2 protein chains.
Amino acid sequence: MAREVADRTELLPLLAEVFRAHGYEGATLSLIGEATGLGKGSLYHFFPGGKQQMAAEVLGEIDNWFEVNIFAPLRSSDDPAPAVAAMIAAVDGYFRSGHRVCLVGVIALGASRDMFAVQVHGYFKRWDDALSRLLARSGVNARTARQRSADALLTIQGALVLARALDDPAIFRRALADLPPRLLAKAG
Amino acid sequence: MAREVADRTELLPLLAEVFRAHGYEGATLSLIGEATGLGKGSLYHFFPGGKQQMAAEVLGEIDNWFEVNIFAPLRSSDDPAPAVAAMIAAVDGYFRSGHRVCLVGVIALGASRDMFAVQVHGYFKRWDDALSRLLARSGVNARTARQRSADALLTIQGALVLARALDDPAIFRRALADLPPRLLAKAG
DNA sequence: GACAGTCTGTACCGATCGGTACAATCTCCG
DNA sequence: CGGAGATTGTACCGATCGGTACAGACTGTC
């Protein structure tokens, strides 16, 4: 009863790491079993929908984490400087300063994009909306706000790609540090 | 004889599209056979090393294209403005204005990264070197040049990710358009 | 027209894929 | 203790994976 919920919340982060490391198609049931210590019996007991349900729930939890820790604070702030700083700090923490990869980005680039197109689209769209509206609220015109918001999102994704490609997490750290002045600049 | 070479040069772009669309692990031999119109017999005749050799040669050809069309021009120029403009134009053409994805980036994010770590690293490293040295040659200090160069590379990768995630290639176009002023700005 | 080398289709291999079935076990509550 | 439901391990399924073997069909040369 209570334990089922506990198990599931402990399970999803483990699943997330498997999907992050191997992608959707690369995350085989034996890898998942190995990472979680669970056999197929248990896995299909918790996730009758199989791999697809596992990935969908993982994406759901990621979405929820960003909603609470990043999107909502952006929406409820009227002072862009500290809000942007908080976002950058949260992003740096979530991606472990460039050591971790973005599962949503991994899926967006892979063949499983179509299967999760709605979740992938929603994740970035809501982030973009929250951020660009914050910037617009602070005075910059809507077009510039949208452009800067997209710049921030794509910088984060690109920095994760490049950091992993060059095996140099510092790239991610520097890219994040560069972001606040670009987002908060006076000139449009 | 002459035909073998011709066949191979026609084959590699087809293989590249399969790897782009499905990733390394997702590119099954039956998909490859379907895309090329070749059976396993022919495929293994041309690539005795199997999938790994196919992907390695595809990466090699991509590397060669960038070397000729992007890296070399950057190295041989002393005027950053037209050189950067030419790079942006070439990148826009190569990635079909955001409709195409970067295979090197796809592999960097996937599980096959380790298998092709050398090629992936070399591709971005040589691009970064060529671009940052051009900027340094034009007067900006080495640290700024390196930072701006990384910014350009990661912007391109991130724009491809975001464009695909949101199914909006215009994101890529706008990100590219934003790049020259950032690379060529006076202030460091 | 015969030979050599290139190319191709097909049958086949063991391994592993995602998924199912189900009996055995565990856990909790009365 | 006993029974209900949650949980698990194992055997099994058909399909497909990457790869191999090889006989036959092309292709060009003498």
Side-chain angles (χ1 to χ4, degrees), chain A residues 1-59 103 106-107 110-116 119, chain B residues 1-59 103 106-107 110-116 119:
Chain A
M1 335 249 105
R3 212 177 134 241
E4 181 181 334
V5 177
D7 270 352
R8 185 168 285 247
T9 53
E10 289 164 19
L11 220 46
L12 287 178
L14 297 174
L15 293 178
E17 289 311 314
V18 181
F19 284 121
R20 255 187 258 276
H22 301 92
Y24 180 74
E25 11 273 334
T28 67
L29 283 182
S30 56
L31 280 172
I32 292 172
E34 197 176 325
T36 59
L38 261 41
K40 287 187 181 184
S42 309
L43 253 13
Y44 274 85
H45 172 72
F46 288 116
F47 304 94
K51 250 178 82 170
Q52 186 166 351
Q53 183 184 355
M54 298 180 204
E57 290 202 17
V58 165
L59 283 176
L103 179 57
V106 169
I107 288 182
S112 51
R113 186 193 70 143
D114 294 350
M115 191 179 282
F116 303 107
Q119 288 101 315
Chain B
M1 339 259 107
R3 211 176 135 241
E4 181 181 334
V5 178
D7 270 351
R8 184 167 287 244
T9 52
E10 290 164 17
L11 220 44
L12 287 179
L14 296 175
L15 293 178
E17 289 312 314
V18 181
F19 284 121
R20 254 187 260 275
H22 300 92
Y24 180 74
E25 10 273 336
T28 68
L29 284 181
S30 55
L31 279 172
I32 293 172
E34 197 177 324
T36 59
L38 260 41
K40 287 187 182 184
S42 309
L43 252 15
Y44 274 84
H45 172 73
F46 288 117
F47 304 95
K51 250 177 83 169
Q52 186 166 352
Q53 183 183 356
M54 298 181 205
E57 290 201 17
V58 164
L59 282 176
L103 179 56
V106 169
I107 288 183
S112 52
R113 187 193 71 142
D114 295 351
M115 191 181 281
F116 302 107
Q119 288 102 315

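Just so it is clear, the structure is predicted and the values come from calculations on it, not from any experiment. No hydrogens, no waters, no symmetry mates; every other heavy atom, side chains included, goes into these values. A note on names: the letters A, B, ... follow the listed sequences, proteins ahead of strands, and every chain is numbered from 1.
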- Message: Can you see whether B:Phe47 has B:Arg8 sitting over its ring - NZ or CZ less than 6.0 Å from the centre and within 45° of the normal?
- Response: yes
- Message: Keeping B:Ser42 on the side-chain end and B:Leu38 on the backbone end, is there a donor-acceptor pair under 3.5 Å?
- Response: no
- Message: Between A:Lys51 (side chain only) and A:Thr28 (backbone N and O only), is there a donor and an acceptor less than 3.5 Å apart?
- Response: no
- Contact pattern, 5' to 3', of nucleotides 13-19 of chain C - B, S or - by protein heavy atom under 4.0 Å: ----SBB
- Query: Do B:Ser112 side-chain atoms and B:Met115 backbone N/O form a donor-acceptor pair below 3.5 Å?
  - Reply: no
- Rounded to the nearest Å, what distance is computed from the CG atom of residue B:Leu43 to the P atom of nucleotide C:dG9? 10 Å
- Specify the separation, in whole Å, of atom CG of A:Leu38 and atom P of D:dG9. 7 Å
- Write down the distance between CG (B:Asp7) and P (C:dT8), rounded to a whole number of angstrom. 7 Å
- Between the main-chain N or O of B:Val106 and the side-chain N or O of B:Tyr24, is there a donor-acceptor pair closer than 3.5 Å? no
- Item | B:Gln53 atom CD: more than 12 heavy-atom contacts under 6.0 Å | yes
- May I have the distance from B:Phe46 (atom CZ) to C:dG9 (atom C1'), rounded to whole angstrom? 14 Å
- Kindly say if B:His45 contacts the phosphate of C:dT8, meaning a side-chain N or O under 4.0 Å from OP1 or OP2. no
